[in-house]
Engineer: 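Take this structure first; my questions come after.
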Amino acid sequence: MHIPVLLKEVLDGLAIKKGEIFLDCTAGAGGHCGAVCRQLGSSIKIVAIDQDEDAIARAKEELFPCDGVCKVGNFRNLGRILDETGINQPNKILFDLGLSSNQLEESHRGFSFQKNEPLLMTFEKNPLDYRATAAGIVNSWSQEEIADILLRFGEERQARKIAEAIVAERKRQPITTSQQLAELVAKIVPRGKIQPATKTFQALRIAVNDELNILIEGLRQSFQRLAPNGRLAVISFHRLEDRIVKNFFRDKDKEKLGKILTKKPVTPTAEEIARNRRARSAKLRIIEKI
Ligand SMILES: C[S@@+](CC[C@H](N)C(=O)[O-])C[C@H]1O[C@@H](n2cnc3c(N)ncnc32)[C@H](O)[C@@H]1O
């Protein structure tokens, strides 16, 4: 079961009021938008987007009692999705980035290094292009290219050694499962505070889904569509995402188009982390459009 992260902080920070339109760009299991729905009922309109159709099915159940629209789609196409739903300017927008616990636990798409699943890491169930999956990358990209993404998107210190081991292994047999890759990385990266394959898996997922460029595009379009005095909240889970959000907000603040409401990112309390380990790296930033 996915537990929504920083829920109270998001609800307090967005301060959604009756009559407003709330856009959840990463509906996931419907944790945040479901809570908004329970709090405000049909006095507001909720638009929930997720690129994963299973997630949208779950979010639909959470939004059942409300005036909600659920759309399968990538937030890189936010403008078009809003046009399709006939919404011009949402008042409050949320991005809760990354994966839900459901996707890690039961998507069978190789997101988790603790499972033995096909190494896809795509949000589509049946990706059309095998070369664009994680298996496609590790089995066909050059050693230099693999090392480069591990370094850039995973900040993995052992990037070169891991890339070398991947290329040596694929000469023996293709790397097709999450377990095969996790075991290979565990032979190189020493066990520390985090699981050895964490950074490698993060890097591949970012590369497969072009996550950083899409985040920039999603932020740009969402801020453009946000109503005046509207608020945009973003929860990120690693340094690369947080840096993009921080810089985007800083630029809007400098251009006098927005006012940052979180001088420092809001982080979970020790109590929340004890309840939900997934929350430990979360950072929430909020900006208000002028
Ligand atoms: C952390 S989960 C959201 C959880 C949700 N807030 C909740 O509490 O139930 C992130 C969700 O964002 C979705 N997602 C990630 N990137 C996306 C994108 N570019 N466009 C649309 N959805 C995306 C994932 O499929 C996942 O369901």
Side-chain angles (χ1 to χ4, degrees), residues 1-11 13-14 16 22-39 46-63 68-82 84-85 92-112 120-125 127 132 153 202 205-222 232-238 240-242 244-245 268 272 275-284:
M1 262 297 285
H2 182 85
I3 306 170
V5 167
L6 291 167
L7 179 59
K8 183 177 182 313
E9 293 80 353
V10 166
L11 295 179
L14 283 179
I16 305 170
F22 170 53
L23 169 63
D24 187 342
C25 298
T26 51
H32 290 95
C33 56
V36 172
C37 168
R38 285 190 295 281
Q39 199 178 55
I46 301 177
V47 181
I49 299 174
D50 202 293
Q51 61 185 339
D52 184 333
E53 55 192 90
D54 290 343
I56 280 295
R58 270 190 289 269
K60 253 188 196 150
E61 287 173 20
E62 292 296 318
L63 295 184
V69 182
C70 295
K71 285 273 190 189
V72 178
N74 193 309
F75 59 64
R76 91 173 339 156
N77 304 315
L78 201 61
R80 185 167 52 71
I81 297 171
L82 286 178
E84 281 167 14
T85 53
K92 305 288 160 65
I93 302 181
L94 172 67
F95 288 83
D96 175 17
L97 300 169
L99 291 173
S100 69
S101 307
N102 305 76
Q103 283 161 332
L104 276 171
E105 292 303 321
E106 50 188 61
S107 72
H108 308 293
R109 275 171 259 160
F111 288 119
S112 168
L120 299 174
M121 298 201 197
T122 57
F123 288 96
E124 302 92 54
K125 278 189 187 164
F153 300 150
Q202 172 187 308
R205 202 195 75 211
I206 291 177
V208 166
N209 298 292
D210 194 18
E211 288 183 15
L212 302 183
N213 286 325
I214 287 180
L215 174 59
I216 295 170
E217 190 52 31
L219 290 175
R220 197 184 63 72
Q221 291 189 32
S222 63
L232 164 62
V234 186
I235 305 174
S236 63
F237 290 87
H238 56 77
L240 301 173
E241 281 173 348
D242 184 54
I244 289 173
V245 179
E272 175 170 0
R275 238 183 319 116
N276 179 13
R277 246 182 81 69
R278 227 196 120 256
R280 67 194 183 283
S281 45
K283 288 200 167 97
L284 167 68

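Order of appearance sets the numbers: ligands from 1, and atoms from 1 within every ligand.
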Engineer: Starting from atom 20 (N) of ligand 1, which protein heavy atom do you reach first, and at what distance in Å?
Structural biologist: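 Ranking protein heavy atoms by distance from atom 20 (N) of ligand 1, first comes Phe75 N, 2.9 Å.
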Engineer: What are the atoms of ligand 1, with element, lying closer than 4.0 Å to any heavy atom of Gly73?
Structural biologist: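 Taking each heavy atom of Gly73 in turn, ligand 1 has 20 (N), 21 (C) under 4.0 Å.
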Engineer: What residue and heavy atom of the protein are closest to atom 27 (O) of ligand 1, and at what distance?
Structural biologist: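 Result: Asp50 OD2, 2.6 Å.
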Engineer: Output the list of atoms in ligand 1 that are nearer than 4.0 Å to some heavy atom of Leu97, sorted by atom number.
Structural biologist: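 Ligand 1 atoms under the 4.0 Å threshold to Leu97: 1 (C).
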Engineer: Which atoms of ligand 1 are found less than 4.0 Å from any heavy atom of Asp52?
Structural biologist: 25 (O)
Engineer: Any side-chain heavy atom of Asp54 within less than 4.5 Å of one from Asn102?
Structural biologist: no
Engineer: Got a salt bridge between Arg38 and Glu62, using NZ or NE/NH1/NH2 to carboxylate O under 4.0 Å?
Structural biologist: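 Yes, Arg38 and Glu62 are salt-bridged.
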Engineer: Does Arg58 come within less than 4.0 Å of Asp52, counting only side-chain N to carboxylate O?
Structural biologist: no
Engineer: Under a 3.5 Å distance rule, please check whether Asp24 uses its side chain to pair with a backbone N or O of Thr26 as donor and acceptor.
Structural biologist: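 Yes, because the side chain of Asp24 sits within donor-acceptor range (under 3.5 Å) of the backbone of Thr26.
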Engineer: Measure the distance from atom 5 (C) of ligand 1 to every protein heavy atom, then report the residue, atom name and distance (to 0.1 Å) of the closest one.
Structural biologist: Ala27 O, 3.3 Å
Engineer: Any ion pair linking Asp210 and Arg76 (charged N to carboxylate O, less than 4.0 Å)?
Structural biologist: yes
Engineer: Nearest protein heavy-atom contact for atom 1 (C) of ligand 1: which residue, which atom, what distance?
Structural biologist: Leu99 O, 3.2 Å
Engineer: Can Arg58 be said to touch ligand 1, with heavy atoms closer than 4.0 Å?
Structural biologist: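 In this structure, Arg58 fails to qualify as a contact of ligand 1 - no heavy atom is under 4.0 Å.
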Engineer: Counting non-hydrogen protein atoms only, what is the nearest one to atom 19 (N) of ligand 1? Give residue, atom name and distance.
Structural biologist: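 Here the nearest protein heavy atom works out to Asn74 OD1, 3.0 Å.
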Engineer: Provide the number and element of each atom of ligand 1 under 4.0 Å from a heavy atom of Ile214.
Structural biologist: 19 (N)
Engineer: Go through ligand 1 atom by atom and flag the ones less than 4.0 Å from a non-hydrogen atom of Gly30.
Structural biologist: 9 (O)
Engineer: Going by the angle between their ring planes, with limits at 30° and 60°, are Phe123 and Phe111 parallel, tilted or perpendicular?
Structural biologist: tilted
Engineer: Of all the atoms in ligand 1, which lie at a distance below 4.0 Å from a heavy atom belonging to Ser100?
Structural biologist: 2 (S)
Engineer: Using a strict cut-off of 4.0 Å, indicate which atoms of ligand 1 neighbour a heavy atom of Arg278.
Structural biologist: 1 (C)
Engineer: Determine the minimum heavy-atom distance between Arg220 and Glu217, stating which atoms define it.
Structural biologist: NH2-OE2, 2.7 Å
Engineer: Ignoring hydrogens, what is the shortest heavy-atom contact between Ala279 and Pro268? Give both atom names and the distance.
Structural biologist: O-CG, 3.0 Å
Engineer: Yes or no: does His2 have any heavy atom under 4.0 Å from an atom of ligand 1?
Structural biologist: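 Per 4.0 Å heavy-atom rule, His2 contacts ligand 1.
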Engineer: Kindly determine whether Val245 and Phe95 satisfy side-chain contact (heavy atoms from CB on, under 4.5 Å), including the steps that lead there.
Structural biologist: CA-CA 11 Å; Val245 179; Phe95 288 83; over 6 Å; no
Engineer: Looking only at protein heavy atoms, which one is nearest to atom 17 (C) of ligand 1, and what is the separation?
Structural biologist: Gln51 NE2, 3.0 Å
Engineer: Which protein non-hydrogen atom lies closest to atom 8 (O) of ligand 1, naming both residue and atom, and how far is it?
Structural biologist: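 Result: His32 ND1, 3.2 Å.
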Engineer: Nearest heavy-atom pair of Thr122 and Arg109: which atoms, and what distance?
Structural biologist: O-CD, 3.2 Å
Engineer: Among all protein heavy atoms in this structure, tell me which lies nearest to atom 9 (O) of ligand 1, with the distance rounded to 0.1 Å.
Structural biologist: Gly31 N, 2.8 Å
Engineer: Mind listing the closest non-hydrogen atom pair of Ser112 and Leu104 along with its distance?
Structural biologist: CB-O, 3.7 Å
Engineer: Would you mind reporting whether Met1 and Ser101 have side-chain heavy atoms less than 4.5 Å apart?
Structural biologist: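 Sidechains of Met1 and Ser101: no contact.
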Engineer: Provide the number and element of each atom of ligand 1 under 4.0 Å from a heavy atom of Gln103.
Structural biologist: 24 (C), 25 (O), 26 (C), 27 (O)
Engineer: So is there a nitrogen or oxygen of Phe123 less than 3.5 Å from a nitrogen or oxygen in ligand 1?
Structural biologist: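 Checking ligand 1 against Phe123, no N or O pair falls under 3.5 Å apart.
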